[in-house]
Engineer: 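Here it is: the structure, laid out below.
The chains referred to below are lettered A, B, ... by the order of the sequence lines, with proteins before strands, and numbering in each begins at 1.
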Amino acid sequence: MPKPVKHLQTQLLDWFSRHRRVMPWRAAKGVRPDPYHVWLSEIMLQQTTVVTVGPYFMKFIAKWPTVKHLAKAKLDDVLTAWAGLGYYARARNLHKCAVTVANEHAGKFPETVEGLRELPGIGPYTAAAIASIAFDRPAVAVDGNVERVVSRFFAIEEPLPLSKDDIRRKAARLAKDNPHPGDFTQAFMELGATVCTPRKPKCSLCPWAADCAARKKGVAEDLPRKVEKAQKPVRYGKVYYISNRRGEFLIHKRTGQGLYEGLYQLPTTEWIDSRTAARKLAAPVRITGLESLGAEVRHSFTHFDLILEIWIGRDTKNTRLAHAVWISADNIDEYALPTLMKKAIRLCMNGNPAKSA
DNA sequence: ATCCTGTAAG
DNA sequence: CTTACAGGAT
């Protein structure tokens, strides 16, 4: 370590006290934040940017002001409010966690990393983040930002994720015995988010620039290195926009486990690997006169890309369809519809302005 | 290995 | 426009 750790800690904490960003879930300087707010924001911020989370966080605390309120909510309503944020397992775990905290912890979050780790949806990162930010416990939260800062500060050449253990140890060294664990956690991440950015890091603004190994070697922008990832497969299928005489269209709750579990969707075929085979797939609804709109929706998941051909149809004889719900453009927000489906719906309404009116 | 979406870069 | 990337838990 080039300088005593103590000095680096002071530099980072001083920098943070001057550049601390205002966020809806962040308490004012020197004020203890509400653990419920810290937890809710941290769950939302998993795999999601600050800007995206903002409005969702506001919506949630307005609707469910405490963890006990959230525990009493129906999962369906939580999913509806979550719709668009992605990774819906987070919402299911969020609800489970709220129920556990309300019922088994009298509505109070555990204050230790070990206690927090027991709860659904709280992994090593989130447990450390909540313990330090909400309760000022000396825990080190290593997120993607911290990984980047540490990789560069020590010029770690080993690629992620192989370097994770090394990064964790070095992050712990930098954080060891610092006087303000909550601020330190936030400062560490904030440095990565605003200064030590993935591309074009602003080294001139960095409180640690003088001691940064990557900067001295001129490789800051090349770090952290990452192991090459296999290229994603593409899957194909069809989605169906079935409208009725009232201008409503058909959705239904998705069955099965995993992907979009418990969310609503337009009727869709299976999603398969072969484009040609997908073109021959039969419709999942028995409606005559279906026709291809000649448009596609594209959507990208973590492990595959998806291309769905859009088909439209009209239900002229009030067909009864099991588990189906007819909805109009006005009450789309009352259902947990993922972005993929909203994209498809929007395309259909734009493609058929007469029918959306 | 499985789970989504928004944004920046090319 | 198309592609690449960021971002943790189970």
Engineer: For V113(A), which fellow cluster members are found when Ile, Leu, Val, Met, Phe, Trp and Tyr are connected by side-chain heavy-atom distances below 4.5 angstrom, either directly or through intermediates?
Structural biologist: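 Joined to V113(A), directly or through intermediates: none.
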Engineer: Check this for me, if you would: do R275(A) and E296(A) make a salt bridge, where the nitrogen-to-carboxylate-oxygen distance has to be below 4.0 angstrom?
Structural biologist: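 Salt bridge present between R275(A) and E296(A).
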Engineer: Which donor-acceptor pairs under 3.5 Å do the side chains of residues 302-311 of chain A make with protein atoms, sequence neighbours left out?
Structural biologist:
| from | atom 1 | to | atom 2 | distance (Å) |
| --- | --- | --- | --- | --- |
| T302(A) | OG1 | Y87(A) | OH | 2.9 |
| D305(A) | OD1 | S300(A) | OG | 2.6 |
| E309(A) | OE1 | W311(A) | NE1 | 3.3 |
| E309(A) | OE2 | S292(A) | OG | 2.7 |

Engineer: Pick the closest DNA chain B nucleotide for Q257(A) and for K343(A) by heavy atoms, then say which residue is nearer the 5' end.
Structural biologist: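 Looking at DNA chain B, the more 5' nearest nucleotide goes with Q257(A).
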Engineer: Tell me yes or no: between the side chains of H69(A) and T66(A), is some donor less than 3.5 Å from an acceptor?
Structural biologist: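 Side chains of H69(A) and T66(A): pair found under 3.5 Å.
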Engineer: Is there a residue in residues 112-134 of chain A whose heavy atoms reach under 4.0 Å of DNA chain C, and which residues are they?
Structural biologist: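 Output list: P120(A), G121(A), I122(A), G123(A), P124(A), Y125(A), T126(A).
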Engineer: So what does R298(A) hit on the nucleic acid, given a heavy-atom distance under 4.0 Å: a base, only sugar-phosphate, or nothing?
Structural biologist: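 Answer is nothing: R298(A) stays at 4.0 Å or more from every strand.
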Engineer: Given 3.5 Å as the limit, does a donor-acceptor pair link the side chain of R152(A) with the main chain of A220(A), or not?
Structural biologist: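 Such a contact is found between R152(A) side chain and A220(A) backbone.
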Engineer: Pair up each side-chain donor or acceptor in residues 174-182 of chain A with any protein partner under 3.5 Å, not counting sequence neighbours, and list the distances.
Structural biologist:
| from | atom 1 | to | atom 2 | distance (Å) |
| --- | --- | --- | --- | --- |
| N178(A) | OD1 | H180(A) | N | 2.8 |
| N178(A) | ND2 | A175(A) | O | 2.9 |

Engineer: Please name the pair of heavy atoms, one in I156(A) and one in S163(A), separated by the smallest distance, quoted to 0.1 Å.
Structural biologist: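 Nearest pair, atom of I156(A) first, then S163(A): CG2-CB, 4.0 Å.
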Engineer: Does any pair with a residue in residues 191-218 of chain A pass ring pair (Phe, Tyr, Trp, His ring centres under 6.0 Å), and if so which ones, sequence neighbours excluded?
Structural biologist: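 Found F153(A)-W208(A), F188(A)-W208(A).
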Engineer: Can you check whether F301(A) reaches L340(A) side chain to side chain, under 4.5 Å on heavy atoms?
Structural biologist: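 Result yes, sub-4.5 Å side-chain heavy-atom pair found.
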Engineer: Produce the list of close N/O pairs, under 3.5 Å, pairing protein atoms with atoms of nucleotides 7-9 of chain B; give distances to one decimal.
Structural biologist:
none

Engineer: Which part of the nucleic acid, if any, lies within reach of K164(A) when heavy atoms closer than 4.0 Å are counted: base, sugar-phosphate only, or nothing?
Structural biologist: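 No contact.
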Engineer: What residues in residues 73-96 of chain A put a non-hydrogen atom under 4.0 Å from any atom of DNA chain C?
Structural biologist: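 Correct list: Y87(A), N93(A).
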Engineer: Sequence neighbours left out, cut at 3.5 Å: what donor-acceptor pairs do the side chains of residues 115-122 of chain A make with other protein atoms?
Structural biologist:
| from | atom 1 | to | atom 2 | distance (Å) |
| --- | --- | --- | --- | --- |
| R117(A) | NE | I122(A) | O | 3.4 |

Engineer: If you walk 5' to 3' along DNA chain C, what is the first nucleotide with an atom under 4.0 Å of a heavy atom in chain A, and what is the last?
Structural biologist: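 Nucleotide range with atoms under 4.0 Å of chain A: dC5(C) to dT10(C).
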Engineer: Applying salt bridge (Lys or Arg N to Asp or Glu O under 4.0 Å), name anything that partners R279(A), two or more places apart in sequence or on another chain.
Structural biologist: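 Scan of R279(A) (salt bridge (Lys or Arg N to Asp or Glu O under 4.0 Å), adjacent residues dropped) gives none.
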Engineer: Hey, can you pull the donor-acceptor pairs under 3.5 Å for the side chains in residues 75-84 of chain A, sequence neighbours left out?
Structural biologist:
| from | atom 1 | to | atom 2 | distance (Å) |
| --- | --- | --- | --- | --- |
| D76(A) | OD1 | K253(A) | NZ | 2.9 |
| T80(A) | OG1 | D76(A) | O | 2.9 |
| W82(A) | NE1 | G86(A) | O | 3.0 |

Engineer: Check the pair Q47(A), R90(A) against side chain to side chain donor-acceptor pair (under 3.5 Å), reporting the backbone distance first and the verdict last.
Structural biologist: CA-CA 10 Å; Q47(A) 322 295 300; R90(A) 291 185 296 164; over 6 Å; no
Engineer: Phosphate oxygens OP1/OP2 of dC3(B): is one of them under 4.0 Å from a side-chain N or O of H303(A)?
Structural biologist: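 H303(A) to dC3(B) OP1/OP2: side-chain N or O found under 4.0 Å.
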Engineer: Could you tabulate the donor-acceptor pairs under 3.5 Å formed by side-chain atoms of residues 193-202 of chain A, not counting sequence neighbours?
Structural biologist:
| from | atom 1 | to | atom 2 | distance (Å) |
| --- | --- | --- | --- | --- |
| T194(A) | OG1 | E190(A) | O | 2.8 |
| T197(A) | OG1 | R199(A) | O | 3.0 |
| T197(A) | OG1 | K200(A) | O | 3.4 |

Engineer: Return the value, rounded to whole Å, for the distance between atom OH of Y56(A) and atom P of dC4(B).
Structural biologist: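 Rounding to the nearest Å, OH of Y56(A) and P of dC4(B) are 13 Å apart.
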Engineer: In whole Å, I'd like the distance from the CZ atom of F301(A) to the P atom of dG6(B).
Structural biologist: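 Atom CZ in F301(A) sits about 12 Å away from atom P in dG6(B).
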Engineer: Using atom CD of Q46(A) as one end and atom C1' of dC4(B) as the other, report the distance to the nearest whole Å.
Structural biologist: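 Those two atoms, CD and C1', are 13 Å apart.
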Engineer: Figure out the CZ/C1' separation between F304(A) and dC4(B), and round it to whole Å.
Structural biologist: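 So the CZ-C1' distance, F304(A) to dC4(B), works out to 10 Å.
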Engineer: Any donor-acceptor pair under 3.5 Å joining the side chain of T339(A) to the base of dC4(B)?
Structural biologist: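 By the distance-only test, no, there is no pair.
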